[in-house]
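Report on one structure; see the data block that follows.
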Amino acid sequence: MFSSIRGTKDILPKDQKFWDYFKNEAFKQSSIYGFERIDTPTFEMTDLFLRGIGIGTDIVTKETYSFIDRGENNITLRPEGTASVCRAYIQNAMYTESQPKKFYYFTSIFRYERPQSGRLREHHQFGIETLGSNDPFLDGEIIQFAWNLLSKLGLNKLNLNLNTIGDQNDRANYIKSLKSYYTKSDWDNTKCKDCENRIDTNTLRILDCKNKNCQNYINEAPNMIDYASDSTINHFEKVKNYLDLSKIKYTINKSLVRGLDYYTNTVFEITSKENKSQNALVGGGRYNGLIEQLGGPSTPGTGFGMGVERVINEIIESDININEKINSKILFTSIDENSYDKKIKYNLIARNNNINSEISTEGKSLKATMRYANNNDFSIVIILGHEPQGNNNTVSIKYLESGKQENISENELLTMLNKNNDE
RNA sequence: GCGGGUAUGGUAUAGUGGUUAUUACACUCGGUUGUGGCCCGGGAGAGCUGGGUUCAAUUCCCAGUACUCGCCCCA
(Lines give C-alpha, C1' and ligand atoms only; values in the text may rest on other atoms or scores of the structure.)
Protein backbone atom coordinates (compact mmCIF):
# COMPACT_ATOMS: atom_id res chain seq x y z
CA MET A 1 0.00 0.00 0.00
CA PHE A 2 1.15 3.50 -0.76
CA SER A 3 0.85 6.29 1.72
CA SER A 4 1.45 9.97 1.40
CA ILE A 5 5.06 11.11 1.67
CA ARG A 6 6.34 11.91 5.15
CA GLY A 7 5.28 15.38 6.17
CA THR A 8 2.55 15.71 3.54
CA LYS A 9 -1.18 15.49 4.09
CA ASP A 10 -4.34 14.93 2.11
CA ILE A 11 -6.94 17.60 2.53
CA LEU A 12 -10.02 15.44 2.71
CA PRO A 13 -13.58 16.42 1.79
CA LYS A 14 -14.51 16.71 5.44
CA ASP A 15 -11.79 19.34 5.97
CA GLN A 16 -12.44 21.40 2.87
CA LYS A 17 -15.00 23.60 4.57
CA PHE A 18 -12.26 25.03 6.78
CA TRP A 19 -10.08 25.76 3.79
CA ASP A 20 -12.96 27.40 1.99
CA TYR A 21 -13.70 29.44 5.07
CA PHE A 22 -10.10 30.62 5.21
CA LYS A 23 -9.78 31.35 1.50
CA ASN A 24 -13.04 33.24 1.29
CA GLU A 25 -12.04 35.61 4.06
CA ALA A 26 -8.45 35.98 2.91
CA PHE A 27 -9.28 36.66 -0.72
CA LYS A 28 -12.13 38.97 0.11
CA GLN A 29 -9.99 41.04 2.43
CA SER A 30 -7.13 41.14 -0.08
CA SER A 31 -9.41 42.69 -2.60
CA ILE A 32 -10.81 45.20 -0.10
CA TYR A 33 -7.26 46.29 0.76
CA GLY A 34 -6.23 46.57 -2.88
CA PHE A 35 -4.02 43.51 -3.23
CA GLU A 36 -3.96 41.54 -6.46
CA ARG A 37 -3.40 37.84 -6.79
CA ILE A 38 -0.14 36.52 -8.15
CA ASP A 39 0.79 32.89 -8.75
CA THR A 40 4.36 31.88 -9.33
CA PRO A 41 5.77 28.47 -10.31
CA THR A 42 6.24 25.77 -7.70
CA PHE A 43 9.96 25.55 -8.42
CA GLU A 44 12.67 28.04 -9.28
CA MET A 45 16.38 28.07 -9.90
CA THR A 46 18.11 27.22 -6.64
CA ASP A 47 20.19 30.39 -6.83
CA LEU A 48 17.11 32.55 -6.47
CA PHE A 49 16.55 31.22 -2.97
CA LEU A 50 20.24 31.19 -2.08
CA ARG A 51 20.54 34.86 -2.89
CA GLY A 52 17.12 35.79 -1.61
CA ILE A 53 16.88 33.99 1.70
CA GLY A 54 20.59 33.93 2.44
CA ILE A 55 23.30 31.31 2.27
CA GLY A 56 23.76 31.01 6.03
CA THR A 57 20.10 30.52 6.92
CA ASP A 58 18.68 27.25 8.20
CA ILE A 59 16.08 27.22 5.48
CA VAL A 60 18.67 27.19 2.76
CA THR A 61 21.35 25.07 4.41
CA LYS A 62 19.22 22.18 5.57
CA GLU A 63 15.60 22.52 4.57
CA THR A 64 15.32 22.91 0.81
CA TYR A 65 13.93 20.32 -1.56
CA SER A 66 16.50 20.60 -4.31
CA PHE A 67 17.26 18.46 -7.33
CA ILE A 68 18.95 18.54 -10.68
CA ASP A 69 16.56 18.25 -13.59
CA ARG A 70 17.19 16.46 -16.85
CA GLY A 71 18.64 19.61 -18.34
CA GLU A 72 21.11 19.73 -15.46
CA ASN A 73 19.56 22.82 -13.93
CA ASN A 74 19.68 23.28 -10.20
CA ILE A 75 16.06 23.44 -9.11
CA THR A 76 14.47 24.03 -5.70
CA LEU A 77 10.87 23.71 -4.62
CA ARG A 78 9.70 27.00 -3.18
CA PRO A 79 10.61 27.15 0.55
CA GLU A 80 8.89 30.55 1.03
CA GLY A 81 6.88 32.96 -1.06
CA THR A 82 8.65 36.29 -1.18
CA ALA A 83 11.67 35.53 -3.37
CA SER A 84 9.50 34.21 -6.20
CA VAL A 85 7.19 37.21 -6.12
CA CYS A 86 10.18 39.54 -6.28
CA ARG A 87 11.61 37.57 -9.19
CA ALA A 88 8.32 37.90 -11.05
CA TYR A 89 8.25 41.62 -10.27
CA ILE A 90 11.71 42.10 -11.74
CA GLN A 91 11.22 39.78 -14.69
CA ASN A 92 8.00 41.48 -15.73
CA ALA A 93 9.48 44.95 -15.18
CA MET A 94 6.67 45.82 -12.83
CA TYR A 95 8.92 48.50 -11.33
CA THR A 96 8.02 50.55 -14.41
CA GLU A 97 4.38 50.58 -13.42
CA SER A 98 2.93 52.93 -10.84
CA GLN A 99 4.13 52.05 -7.36
CA PRO A 100 3.57 50.49 -4.96
CA LYS A 101 2.47 47.14 -6.36
CA LYS A 102 0.44 45.06 -3.96
CA PHE A 103 0.23 41.29 -4.32
CA TYR A 104 -1.26 38.35 -2.52
CA TYR A 105 -0.65 34.65 -3.01
CA PHE A 106 -1.90 31.32 -1.76
CA THR A 107 0.47 28.48 -2.36
CA SER A 108 2.31 25.36 -1.19
CA ILE A 109 5.61 25.73 0.60
CA PHE A 110 8.19 22.94 0.82
CA ARG A 111 10.73 22.50 3.58
CA TYR A 112 12.61 19.36 4.46
CA GLU A 113 12.09 19.29 8.22
CA ARG A 114 11.19 16.75 10.87
CA PRO A 115 7.41 16.79 10.86
CA GLN A 116 5.58 17.35 14.12
CA SER A 117 2.52 19.05 15.41
CA GLY A 118 2.00 22.20 13.33
CA ARG A 119 4.94 21.46 11.06
CA LEU A 120 4.82 19.76 7.69
CA ARG A 121 7.15 19.27 4.77
CA GLU A 122 4.54 20.63 2.43
CA HIS A 123 2.38 23.31 3.93
CA HIS A 124 0.42 26.24 2.58
CA GLN A 125 1.00 29.90 3.02
CA PHE A 126 -1.18 32.83 2.32
CA GLY A 127 0.96 35.91 1.95
CA ILE A 128 0.97 39.48 0.81
CA GLU A 129 3.77 41.68 -0.51
CA THR A 130 3.88 45.42 -1.14
CA LEU A 131 6.71 46.42 -3.47
CA GLY A 132 8.02 49.81 -4.49
CA SER A 133 7.59 52.01 -1.44
CA ASN A 134 9.41 52.53 1.82
CA ASP A 135 6.43 54.20 3.47
CA PRO A 136 6.15 52.90 7.05
CA PHE A 137 2.40 53.13 6.59
CA LEU A 138 2.68 50.05 4.40
CA ASP A 139 4.39 48.09 7.17
CA GLY A 140 1.52 49.03 9.42
CA GLU A 141 -0.94 48.12 6.72
CA ILE A 142 0.30 44.57 6.28
CA ILE A 143 0.47 43.97 10.02
CA GLN A 144 -3.02 45.32 10.48
CA PHE A 145 -4.10 43.21 7.48
CA ALA A 146 -2.82 40.02 9.11
CA TRP A 147 -4.28 40.89 12.48
CA ASN A 148 -7.63 41.85 11.03
CA LEU A 149 -7.85 38.74 8.88
CA LEU A 150 -7.19 36.49 11.86
CA SER A 151 -9.80 38.23 13.95
CA LYS A 152 -12.33 38.12 11.09
CA LEU A 153 -11.71 34.38 11.06
CA GLY A 154 -12.61 34.36 14.73
CA LEU A 155 -9.17 34.13 16.32
CA ASN A 156 -8.59 36.56 19.15
CA LYS A 157 -6.11 34.94 21.51
CA LEU A 158 -3.08 36.22 19.67
CA ASN A 159 0.15 38.07 20.38
CA LEU A 160 1.89 40.49 18.06
CA ASN A 161 5.65 40.73 18.46
CA LEU A 162 7.41 43.63 16.84
CA ASN A 163 10.98 44.76 16.35
CA THR A 164 13.22 46.73 14.06
CA ILE A 165 16.52 45.39 12.88
CA GLY A 166 17.58 48.60 11.15
CA ASP A 167 18.69 49.31 7.61
CA GLN A 168 21.80 47.85 6.02
CA ASN A 169 24.10 50.51 7.48
CA ASP A 170 22.64 50.25 10.97
CA ARG A 171 22.98 46.54 10.83
CA ALA A 172 26.59 46.56 9.68
CA ASN A 173 27.56 48.71 12.65
CA TYR A 174 25.41 46.78 15.05
CA ILE A 175 26.74 43.43 13.93
CA LYS A 176 30.28 44.69 14.30
CA SER A 177 29.63 45.68 17.88
CA LEU A 178 27.72 42.47 18.61
CA LYS A 179 30.65 40.43 17.36
CA SER A 180 33.11 42.31 19.47
CA TYR A 181 30.87 42.00 22.54
CA TYR A 182 30.52 38.28 22.13
CA THR A 183 34.07 37.42 21.24
CA LYS A 184 35.40 39.38 24.21
CA SER A 185 33.08 37.73 26.74
CA ASP A 186 33.22 34.28 28.34
CA TRP A 187 30.56 33.31 25.87
CA ASP A 188 33.26 32.83 23.26
CA ASN A 189 34.54 29.78 25.14
CA THR A 190 31.17 28.35 26.10
CA LYS A 191 28.99 29.02 23.08
CA CYS A 192 26.78 26.33 21.63
CA LYS A 193 27.54 24.59 18.36
CA ASP A 194 24.93 26.48 16.37
CA CYS A 195 26.25 29.81 17.52
CA GLU A 196 29.76 28.85 16.56
CA ASN A 197 28.58 29.13 12.97
CA ARG A 198 26.24 32.00 13.62
CA ILE A 199 28.91 34.34 14.91
CA ASP A 200 30.23 34.71 11.35
CA THR A 201 27.37 33.77 9.08
CA ASN A 202 24.31 35.07 10.89
CA THR A 203 25.33 37.06 13.93
CA LEU A 204 21.88 38.45 14.70
CA ARG A 205 20.53 34.99 15.25
CA ILE A 206 22.62 34.59 18.38
CA LEU A 207 20.12 36.89 20.06
CA ASP A 208 17.45 34.36 19.29
CA CYS A 209 19.40 31.31 20.46
CA LYS A 210 17.43 29.04 22.78
CA ASN A 211 20.51 27.62 24.43
CA LYS A 212 20.45 28.61 28.10
CA ASN A 213 24.08 29.56 28.29
CA CYS A 214 23.82 31.72 25.21
CA GLN A 215 20.73 33.39 26.63
CA ASN A 216 22.71 34.50 29.67
CA TYR A 217 24.61 36.91 27.48
CA ILE A 218 21.67 38.47 25.71
CA ASN A 219 20.80 41.06 28.35
CA GLU A 220 24.24 42.61 28.40
CA ALA A 221 24.53 42.57 24.63
CA PRO A 222 24.49 45.83 22.71
CA ASN A 223 21.03 47.04 21.80
CA MET A 224 19.99 47.47 18.19
CA ILE A 225 18.18 50.68 18.91
CA ASP A 226 21.46 52.36 19.98
CA TYR A 227 22.86 51.74 16.53
CA ALA A 228 19.76 52.79 14.66
CA SER A 229 19.89 55.90 12.54
CA ASP A 230 17.31 58.66 12.97
CA SER A 231 15.48 57.48 9.91
CA THR A 232 15.28 53.91 11.23
CA ILE A 233 13.88 55.15 14.53
CA ASN A 234 11.49 57.47 12.76
CA HIS A 235 10.31 54.63 10.53
CA PHE A 236 9.71 52.38 13.52
CA GLU A 237 7.83 55.10 15.38
CA LYS A 238 5.49 55.54 12.45
CA VAL A 239 4.79 51.81 12.27
CA LYS A 240 3.98 51.78 15.97
CA ASN A 241 1.81 54.84 15.51
CA TYR A 242 -0.17 53.08 12.79
CA LEU A 243 -0.75 50.12 15.10
CA ASP A 244 -1.80 52.44 17.91
CA LEU A 245 -4.29 54.12 15.60
CA SER A 246 -5.53 50.66 14.57
CA LYS A 247 -5.92 49.79 18.26
CA ILE A 248 -3.69 46.76 17.88
CA LYS A 249 -1.58 45.86 20.89
CA TYR A 250 1.97 44.76 20.31
CA THR A 251 4.99 43.69 22.28
CA ILE A 252 8.42 45.00 21.39
CA ASN A 253 10.70 42.00 21.33
CA LYS A 254 14.26 43.04 20.72
CA SER A 255 15.47 39.51 20.14
CA LEU A 256 13.01 38.97 17.30
CA VAL A 257 15.29 38.82 14.28
CA ARG A 258 13.69 36.23 11.92
CA GLY A 259 15.48 33.48 10.10
CA LEU A 260 15.67 34.98 6.65
CA ASP A 261 18.47 37.33 5.69
CA TYR A 262 16.50 39.76 3.60
CA TYR A 263 14.70 41.61 6.35
CA THR A 264 15.46 45.25 7.13
CA ASN A 265 13.79 47.61 9.57
CA THR A 266 10.40 46.27 10.63
CA VAL A 267 10.03 42.60 11.55
CA PHE A 268 7.00 41.04 13.21
CA GLU A 269 5.44 37.76 14.21
CA ILE A 270 1.91 36.87 15.26
CA THR A 271 1.72 33.93 17.62
CA SER A 272 -1.07 32.01 19.23
CA LYS A 273 -1.41 32.49 22.95
CA GLU A 274 -1.83 28.76 23.33
CA ASN A 275 1.33 27.58 24.95
CA LYS A 276 2.42 25.11 22.34
CA SER A 277 5.43 24.49 20.21
CA GLN A 278 4.76 25.76 16.74
CA ASN A 279 2.69 28.78 17.63
CA ALA A 280 3.85 31.28 15.02
CA LEU A 281 0.94 31.88 12.69
CA VAL A 282 2.33 34.81 10.74
CA GLY A 283 5.83 36.12 10.15
CA GLY A 284 7.04 38.97 8.06
CA GLY A 285 8.57 42.38 7.76
CA ARG A 286 10.31 44.83 5.49
CA TYR A 287 12.97 43.81 2.98
CA ASN A 288 14.40 46.86 1.31
CA GLY A 289 17.48 45.27 -0.19
CA LEU A 290 16.01 42.11 -1.61
CA ILE A 291 14.99 43.19 -5.09
CA GLU A 292 18.37 44.75 -5.74
CA GLN A 293 20.02 41.64 -4.34
CA LEU A 294 18.09 39.62 -6.92
CA GLY A 295 19.28 41.81 -9.78
CA GLY A 296 16.48 44.34 -9.97
CA PRO A 297 16.57 48.09 -9.40
CA SER A 298 16.83 49.20 -5.79
CA THR A 299 13.26 48.71 -4.60
CA PRO A 300 11.83 48.57 -1.09
CA GLY A 301 9.28 45.96 -0.08
CA THR A 302 7.31 44.65 2.85
CA GLY A 303 5.17 41.56 3.37
CA PHE A 304 4.22 38.54 5.41
CA GLY A 305 3.55 34.82 5.16
CA MET A 306 0.70 33.16 7.05
CA GLY A 307 0.72 29.43 7.79
CA VAL A 308 -2.66 28.21 6.61
CA GLU A 309 -2.56 24.81 8.33
CA ARG A 310 -1.67 26.44 11.64
CA VAL A 311 -4.44 28.99 11.30
CA ILE A 312 -6.96 26.29 10.43
CA ASN A 313 -5.82 24.28 13.44
CA GLU A 314 -6.48 27.29 15.62
CA ILE A 315 -9.92 27.68 14.09
CA ILE A 316 -10.75 24.04 14.77
CA GLU A 317 -9.40 24.13 18.32
CA SER A 318 -11.28 27.33 19.06
CA ASP A 319 -14.59 25.71 18.08
CA ILE A 320 -15.39 28.59 15.78
CA ASN A 321 -18.71 28.16 14.10
CA ILE A 322 -18.39 27.90 10.35
CA ASN A 323 -21.59 28.27 8.40
CA GLU A 324 -21.94 25.42 6.02
CA LYS A 325 -24.30 25.63 3.14
CA ILE A 326 -26.55 22.62 3.19
CA ASN A 327 -28.13 22.03 -0.19
CA SER A 328 -30.94 19.56 -0.47
CA LYS A 329 -29.97 16.50 -2.41
CA ILE A 330 -31.96 13.88 -4.28
CA LEU A 331 -31.04 10.23 -4.55
CA PHE A 332 -32.58 8.22 -7.40
CA THR A 333 -32.92 4.49 -6.97
CA SER A 334 -34.59 1.77 -8.98
CA ILE A 335 -36.03 -1.42 -7.62
CA ASP A 336 -36.32 -3.42 -10.78
CA GLU A 337 -34.37 -3.95 -13.97
CA ASN A 338 -36.86 -2.05 -16.11
CA SER A 339 -36.39 1.16 -14.20
CA TYR A 340 -32.63 1.22 -14.42
CA ASP A 341 -32.60 3.51 -17.45
CA LYS A 342 -35.21 5.77 -15.88
CA LYS A 343 -33.03 6.35 -12.87
CA ILE A 344 -30.21 7.51 -15.12
CA LYS A 345 -32.53 9.68 -17.19
CA TYR A 346 -34.11 11.50 -14.26
CA ASN A 347 -30.76 11.99 -12.60
CA LEU A 348 -29.51 13.75 -15.73
CA ILE A 349 -32.62 15.90 -15.85
CA ALA A 350 -32.19 16.87 -12.22
CA ARG A 351 -28.58 17.86 -12.76
CA ASN A 352 -29.44 19.88 -15.84
CA ASN A 353 -31.78 21.81 -13.60
CA ASN A 354 -29.03 22.49 -11.06
CA ILE A 355 -30.37 20.07 -8.49
CA ASN A 356 -27.79 18.16 -6.45
CA SER A 357 -28.50 14.55 -7.25
CA GLU A 358 -26.98 11.12 -7.38
CA ILE A 359 -28.09 7.63 -8.24
CA SER A 360 -27.83 4.67 -5.91
CA THR A 361 -25.11 2.23 -6.76
CA GLU A 362 -25.94 -1.29 -7.80
CA GLY A 363 -26.12 -4.33 -5.61
CA LYS A 364 -27.59 -2.62 -2.61
CA SER A 365 -30.80 -3.61 -0.97
CA LEU A 366 -33.37 -0.88 -0.66
CA LYS A 367 -32.72 -0.88 3.03
CA ALA A 368 -29.03 -0.27 2.44
CA THR A 369 -29.85 2.44 -0.07
CA MET A 370 -32.03 4.22 2.43
CA ARG A 371 -29.29 4.01 5.01
CA TYR A 372 -26.81 5.42 2.53
CA ALA A 373 -29.19 8.29 1.81
CA ASN A 374 -29.53 8.96 5.50
CA ASN A 375 -25.80 8.87 6.19
CA ASN A 376 -25.00 11.17 3.31
CA ASP A 377 -27.47 13.96 3.98
CA PHE A 378 -29.92 13.33 1.20
CA SER A 379 -33.26 14.96 1.74
CA ILE A 380 -35.26 13.11 -0.88
CA VAL A 381 -35.14 9.57 -2.25
CA ILE A 382 -37.01 8.88 -5.47
CA ILE A 383 -37.84 5.24 -5.92
CA LEU A 384 -38.48 4.10 -9.44
CA GLY A 385 -39.90 0.78 -10.41
CA HIS A 386 -42.54 -1.81 -9.91
CA GLU A 387 -45.46 -0.87 -7.74
CA PRO A 388 -47.20 -3.69 -5.92
CA GLN A 389 -50.51 -2.31 -7.08
CA GLY A 390 -49.31 -2.57 -10.63
CA ASN A 391 -49.44 1.08 -11.52
CA ASN A 392 -46.47 1.57 -13.82
CA ASN A 393 -46.61 5.29 -14.31
CA THR A 394 -46.05 6.38 -10.75
CA VAL A 395 -42.90 6.92 -8.77
CA SER A 396 -42.48 7.01 -5.02
CA ILE A 397 -41.01 10.10 -3.49
CA LYS A 398 -39.75 9.79 0.04
CA TYR A 399 -38.94 12.79 2.20
CA LEU A 400 -36.30 11.67 4.65
CA GLU A 401 -36.76 14.35 7.21
CA SER A 402 -40.46 13.80 7.77
CA GLY A 403 -40.46 10.17 6.72
CA LYS A 404 -43.47 10.86 4.54
CA GLN A 405 -43.80 9.16 1.20
CA GLU A 406 -46.15 9.77 -1.66
CA ASN A 407 -46.74 8.44 -5.13
CA ILE A 408 -46.69 10.84 -8.01
CA SER A 409 -46.87 10.35 -11.74
CA GLU A 410 -43.80 10.63 -13.91
CA ASN A 411 -45.21 13.84 -15.36
CA GLU A 412 -45.44 15.33 -11.91
CA LEU A 413 -41.86 14.28 -11.24
CA LEU A 414 -40.74 16.05 -14.42
CA THR A 415 -42.60 19.18 -13.42
CA MET A 416 -40.98 19.08 -10.02
CA LEU A 417 -37.47 18.69 -11.41
CA ASN A 418 -37.94 21.48 -13.95
CA LYS A 419 -39.35 23.89 -11.43
CA ASN A 420 -35.95 24.41 -9.87
CA ASN A 421 -34.82 26.27 -12.96
CA ASP A 422 -37.30 29.08 -12.50
CA GLU A 423 -36.00 30.03 -9.09
C1' G B 1 20.84 16.68 12.59
C1' C B 2 19.52 15.06 17.92
C1' G B 3 16.02 12.90 21.66
C1' G B 4 11.20 10.56 23.59
C1' G B 5 6.64 7.65 22.55
C1' U B 6 3.63 4.33 19.68
C1' A B 7 2.67 0.20 16.12
C1' U B 8 -3.85 -5.10 17.00
C1' G B 9 -9.99 -5.66 11.57
C1' G B 10 -11.62 0.13 7.26
C1' U B 11 -11.46 3.66 11.76
C1' A B 12 -10.94 3.96 16.99
C1' U B 13 -9.63 0.74 20.91
C1' A B 14 -9.02 -3.68 25.06
C1' G B 15 -6.30 -7.60 26.66
C1' U B 16 -2.98 -11.95 26.84
C1' G B 17 3.87 -16.10 27.06
C1' G B 18 -0.37 -21.38 25.41
C1' U B 19 -7.74 -22.16 24.29
C1' U B 20 -12.28 -19.27 19.56
C1' A B 21 -7.86 -12.29 20.48
C1' U B 22 -12.17 -7.51 23.34
C1' U B 23 -15.37 -3.63 22.33
C1' A B 24 -17.49 0.51 19.58
C1' C B 25 -18.39 2.92 14.89
C1' A B 26 -18.54 1.88 9.77
C1' C B 27 -19.86 -2.31 6.24
C1' U B 28 -23.24 -6.43 5.16
C1' C B 29 -27.63 -9.71 5.91
C1' G B 30 -32.04 -10.41 8.62
C1' G B 31 -36.20 -9.17 12.25
C1' U B 32 -40.04 -5.67 8.60
C1' U B 33 -42.60 -11.01 2.09
C1' G B 34 -37.25 -4.36 -1.41
C1' U B 35 -38.25 1.69 2.69
C1' G B 36 -33.41 5.27 6.55
C1' G B 37 -32.50 7.19 11.63
C1' C B 38 -33.87 4.06 17.39
C1' C B 39 -33.95 -1.20 18.84
C1' C B 40 -32.72 -6.59 18.41
C1' G B 41 -30.14 -10.81 16.05
C1' G B 42 -26.54 -12.96 12.36
C1' G B 43 -21.97 -12.31 9.02
C1' A B 44 -17.24 -10.85 7.00
C1' G B 45 -12.72 -8.47 8.59
C1' A B 46 -6.81 -7.66 12.66
C1' G B 47 -1.41 -8.18 16.28
C1' C B 48 4.26 -3.49 10.85
C1' U B 49 8.90 -6.28 8.95
C1' G B 50 13.24 -9.14 10.20
C1' G B 51 15.99 -11.52 13.92
C1' G B 52 16.54 -13.37 19.12
C1' U B 53 14.84 -15.76 23.97
C1' U B 54 11.24 -19.93 24.70
C1' C B 55 8.49 -26.38 24.20
C1' A B 56 5.36 -22.10 22.71
C1' A B 57 5.74 -14.88 21.11
C1' U B 58 0.56 -10.73 19.06
C1' U B 59 2.64 -10.40 24.16
C1' C B 60 9.49 -10.33 26.35
C1' C B 61 14.35 -8.47 23.94
C1' C B 62 17.07 -6.31 19.61
C1' A B 63 17.19 -4.11 14.79
C1' G B 64 14.67 -1.98 10.70
C1' U B 65 10.52 0.75 8.98
C1' A B 66 6.43 3.87 9.57
C1' C B 67 3.76 7.18 12.36
C1' U B 68 3.84 10.63 16.30
C1' C B 69 5.75 14.16 19.84
C1' G B 70 9.80 17.35 21.50
C1' C B 71 14.71 20.18 20.43
C1' C B 72 16.95 23.24 16.56
C1' C B 73 14.51 26.28 13.11
C1' C B 74 10.15 27.99 11.06
C1' A B 75 4.35 29.30 9.04
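Quick note on labels: first sequence line is chain A, next is B, and so on, each numbered from 1. Atoms considered below: every heavy atom in the structure, side chains included; atoms not considered: hydrogens, waters and symmetry mates.
- Using a 4.0 Å heavy-atom distance criterion, Val282(A) is classed as a sugar-phosphate-only contact.
- Nucleotides G5(B) and C60(B), compared at atom P, are 14 Å apart to the nearest Å.
- Checking Thr271(A) against Asn279(A) by side-chain atom types alone, no donor-acceptor pair falls below 3.5 Å.
- Side-chain atoms of Ile383(A) lie closest to U35(B) of the nucleotides C73(B), U35(B), U68(B).
- Heavy-atom neighbours of Tyr21(A) OH from other residues, nucleotides or ligands within 6.0 Å: above the threshold of 12.
- Taking atom CD of residue Gln116(A) and atom P of nucleotide C69(B), one finds them 7 Å apart after rounding to whole Å.
- For the P atoms, the distance linking U58(B) with G9(B) amounts to 15 Å, nearest Å.
- A close approach under 4.0 Å does not occur between any side-chain nitrogen or oxygen of Thr369(A) and OP1 or OP2 of U35(B).
- On a pure distance criterion of 3.5 Å, a polar donor-acceptor pair joins the side chain of Gln405(A) and the base of U35(B).
- The neighbour count for Lys238(A) NZ, taken as heavy atoms of other residues, nucleotides or ligands under 6.0 Å away, does not exceed 12.
- With both pairing distances under 3.5 Å, U35(B) is matched to nothing as a Watson-Crick or G-U wobble pair.
- Neither side chain, Thr8(A) nor Glu122(A), offers a donor N or O lying under 3.5 Å from an acceptor on the other.
- For Ala368(A), counting side-chain heavy atoms from C-beta on, the closest listed nucleotide (G36(B), U28(B), C73(B)) is U28(B).
- For Arg371(A) and C25(B), the CZ to P distance is 12 Å, given to the nearest whole Å.
- Between Ile380(A) atom CD1 and U35(B) atom C1' the separation is 15 Å, expressed in whole Å.
- Base pairing analysis places G70(B) opposite C2(B); the two distances defining the Watson-Crick or G-U wobble pair are each below 3.5 Å.
- Pairing each heavy atom of Phe378(A) with each of Leu400(A), the nearest pair is O-CD1, 3.1 Å.
- Rounded to whole Å, the separation between the P atoms of U8(B) and A46(B) comes to 14 Å.
- Across all strands shown, G43(B) is found opposite C27(B) as a Watson-Crick or G-U wobble partner, with both distances under 3.5 Å.
- Pairing for A7(B) is with U65(B), a Watson-Crick or G-U wobble pair whose two hydrogen-bonding atom distances lie under 3.5 Å.
- Taking atom C1' on both nucleotides, G30(B) is separated from U13(B) by 28 Å, rounded to a whole Å.
- Each of Gly7(A) and Lys62(A) lies near RNA chain B, and the nucleotide nearest Gly7(A) is the one positioned closer to the 5' end.
- Base engagement by Gly403(A) is indicated by at least one non-hydrogen atom pair under 4.0 Å involving a base atom.
- Between the side chains of Asp167(A) and His235(A), no donor N or O sits under 3.5 Å from an acceptor N or O.
- U53(B) and C61(B) have their C1' atoms separated by 7 Å, with the value rounded to a whole Å.
- Rounded to whole Å, the separation between the P atoms of G51(B) and A56(B) comes to 15 Å.
- We find that CG of Asn374(A) is positioned 5 Å from C1' of G36(B), with the value rounded to whole Å.
- Taking 4.0 Å as the cut-off between side-chain N and carboxylate O, Lys342(A) and Glu410(A) count as a salt-bridged pair.
- Between G15(B) and A66(B), the two P atoms lie 28 Å apart (nearest whole Å).
- When the P atom of G37(B) is taken as reference, atom CG of Asn376(A) falls 14 Å away, rounded to whole Å.
- Glycosidic conformation of G47(B): syn, with the torsion inside 90° of 0.
- Of all nucleotides present, only C55(B) satisfies the Watson-Crick or G-U wobble test against G18(B), with each distance under 3.5 Å.
- Here U68(B) presents its P atom at 14 Å from CD of Glu113(A), a figure rounded to the nearest Å.
- The phosphate of A66(B) has neither OP1 nor OP2 within less than 4.0 Å of any side-chain N or O from Arg6(A).
- Using a 4.0 Å heavy-atom cutoff across all strands shown, Leu260(A) reaches sugar-phosphate atoms only and no base atom.
- Nearest-nucleotide positions on RNA chain B place Met370(A) closer to the 5' end than the other of His124(A) and Met370(A).
- Checking each of Ile75(A), Asn74(A), Asn73(A) against Phe67(A) for a side-chain contact (heavy atoms from CB on, under 4.5 Å) leaves exactly one that passes, namely Ile75(A).
- The P atoms of U6(B) and C48(B) are separated by 14 Å, rounded to the nearest whole Å.
- Proximity note for Glu63(A) (side chain, C-beta onward) versus G30(B), C73(B), G34(B): the nearest is C73(B).
- The distance from atom CG of Asp336(A) to atom P of U35(B) is 14 Å, rounded to the nearest whole Å.
- Nucleotide C25(B) holds its P atom 20 Å from the NZ atom of Lys14(A), rounded to whole Å.
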Distances under 3.5 Å only, N/O to N/O: pair up the protein atoms with those of nucleotides 2-10 of chain B.
residue: C2(B); atom: N4; partner: Arg114(A); partner atom: NH1; Å: 2.7
residue: G3(B); atom: O6; partner: Arg114(A); partner atom: NH2; Å: 3.2

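- At the heavy-atom level, Leu281(A) lies under 4.0 Å from the strands shown only through sugar-phosphate atoms.
- Between Phe304(A) and Phe268(A), the ring planes lie perpendicular to each other; the angle is over 60°, past the 30° to 60° tilted range.
- In this structure, Glu269(A) pairs ionically with Arg258(A), as a charged nitrogen and a carboxylate oxygen lie closer than 4.0 Å.
- Considering only the side chain of Ser117(A), G70(B) comes nearest among G70(B), G30(B), U35(B).
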